[in-house]
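Let me begin by handing over the structure; questions about it come next.
Order of the sequence lines fixes the chain letters, A, B, ..., with proteins taken first and strands second; residue numbering starts at 1 for each chain.
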Amino acid sequence: MKRHSALPLTETTYLILLSLLTPRHGYAIIQNVESISNNQVKIAAGTMYGALDNLSKQLWIEEIKTENNRRKVYQITSLGIEVLEAETERLAQNLRLGEQLLKGAEEHE
Amino acid sequence: MSETVKKFKFFLFSDIDKEEGWINEQRKEGLYLVDIPLTSLFYHFRKTDENIVPVTRIDFREFKNRSEYLDYLFLYEDAGWTVVKGSQRNGLQYFRQDNPEEGVDLYSDNNSKANLYLRYCKYLAIMFMCFLPILISLVLTSPFEIYTFKSAYLTPGLWEMSGLEFVKAFAFETPFAFFRIFGSWLLVILIGSNLVGAIINWRRYKRLKSD
């Protein structure tokens, strides 16, 4: 089966997309990514702004117009979800492969 | 409230790393950046007696509209970055982090940092390409000229004179010659520095991108 052309995603992109399954503004995404990655991934402000810019241009995320909020709120699009699902499947395959082969290697020792 | 410590420093080439480096060097004396009244010439610092001295970082980004710019400022502010100097169209944005962790930066991965250098490089290249035709057309249409030592002296027959006559004429014209040389070369240098800056930033971009 042909692989989705956007794959593989970087870890930062993957986590941002996951985070935007719920609408959030920029800094909330930074905090959420830090939390769901167990403090492993801390995205800096400039990197986040650039990522939001790129993901918007690729139409994987979109801005939601809100009444009061002075900060822009983003949310994943259906195209973004498609990419997310494809990447998750790719990661799952590699995970299965890794577990299988490493276990096999262990048994031979 | 402590006084403002003013420092003068001239950066000929548009080098973010160098400028940041110099500004943060002043932290050793407990100084942190509070204002830049004249871009890249005068820097205003304030002294703190605390153990933690704020860190300054320089970003480069231009914004198509006000709402994008405000959103950018909000994001940076939420992340602890106070604006020292910057504007929607100027490009260079100076920020300060008041309670910095060691090595805190605006960028957390090589790719996005590389793109910073690329943005700045493109801007400098465009600046150079805008000013170059102006310089060329100035040179082609007299009386503007890029003067060398000899050609800066316009007194007719100066170099054929000798003795006291020569010394007097030479001494009289020297200040004018100096300004002609200085003025024309200053223009060349200022315009050329954009090209050099573009090359510096392009190299940085290439190096980071390949990591």
Worksheet item: For A:Ile30, is it the side chain, the backbone, both, or neither that has a heavy atom closer than 4.5 Å to a heavy atom of chain B?
Response: side chain
Item to complete: Output the distance between atom CG (A:Asn54) and atom CG (B:Asn115), rounded to the nearest 0.5 Å.
Response: 7.0 Å
Item to complete: For B:Ser108 and A:Ala44, work out which heavy atoms get closest and say how close.
Response: OG-N, 2.9 Å
Worksheet item: With a 4.5 angstrom heavy-atom cut-off, which part of B:Arg61 approaches chain A: side chain, backbone, both or neither?
Response: side chain
Item to complete: Answer with side chain, backbone, both or neither: which region of B:Ser112 has an atom nearer than 4.5 Å to a non-hydrogen atom of chain A?
Response: side chain
Response to the item:
Looking only at heavy atoms, the pair that brings A:Met48 and B:Leu75 closest together is CG-CD2, 4.1 Å
Worksheet entry | Nearest-0.5 Å distance, CD of residue A:Glu63 to OG of residue B:Ser67 | 7.0 Å
Worksheet item: Non-hydrogen atoms of chain A under 4.5 Å away: do they reach the side chain of B:Asp105, the backbone, both or neither?
Response: backbone
Worksheet item: Has the side chain of A:Thr47 got a donor or acceptor atom that lies under 3.5 Å from a matching backbone atom of B:Tyr107?
Response: no
Discussion item. Tell me if the CD atom of A:Gln75 is crowded by more than 12 foreign heavy atoms within 6.0 Å.
Written reply: yes
Item to complete: Please say which of A:His25, A:Arg71, A:Lys72 ends up in a side chain to side chain contact (heavy atoms under 4.5 Å, CB included) with B:Phe74.
Response: A:Arg71
Response to the item:
Here the gap from A:Tyr49 atom OH to B:Tyr76 atom OH, rounded to the nearest 0.5 Å, amounts to 8.5 Å
Response to the item:
The interface call for A:Thr12 against chain B, heavy-atom contacts under 4.5 Å, is side chain
Fill in: N/O donor-acceptor pair under 3.5 Å between B:Asp78 side chain and A:Tyr27 backbone
no
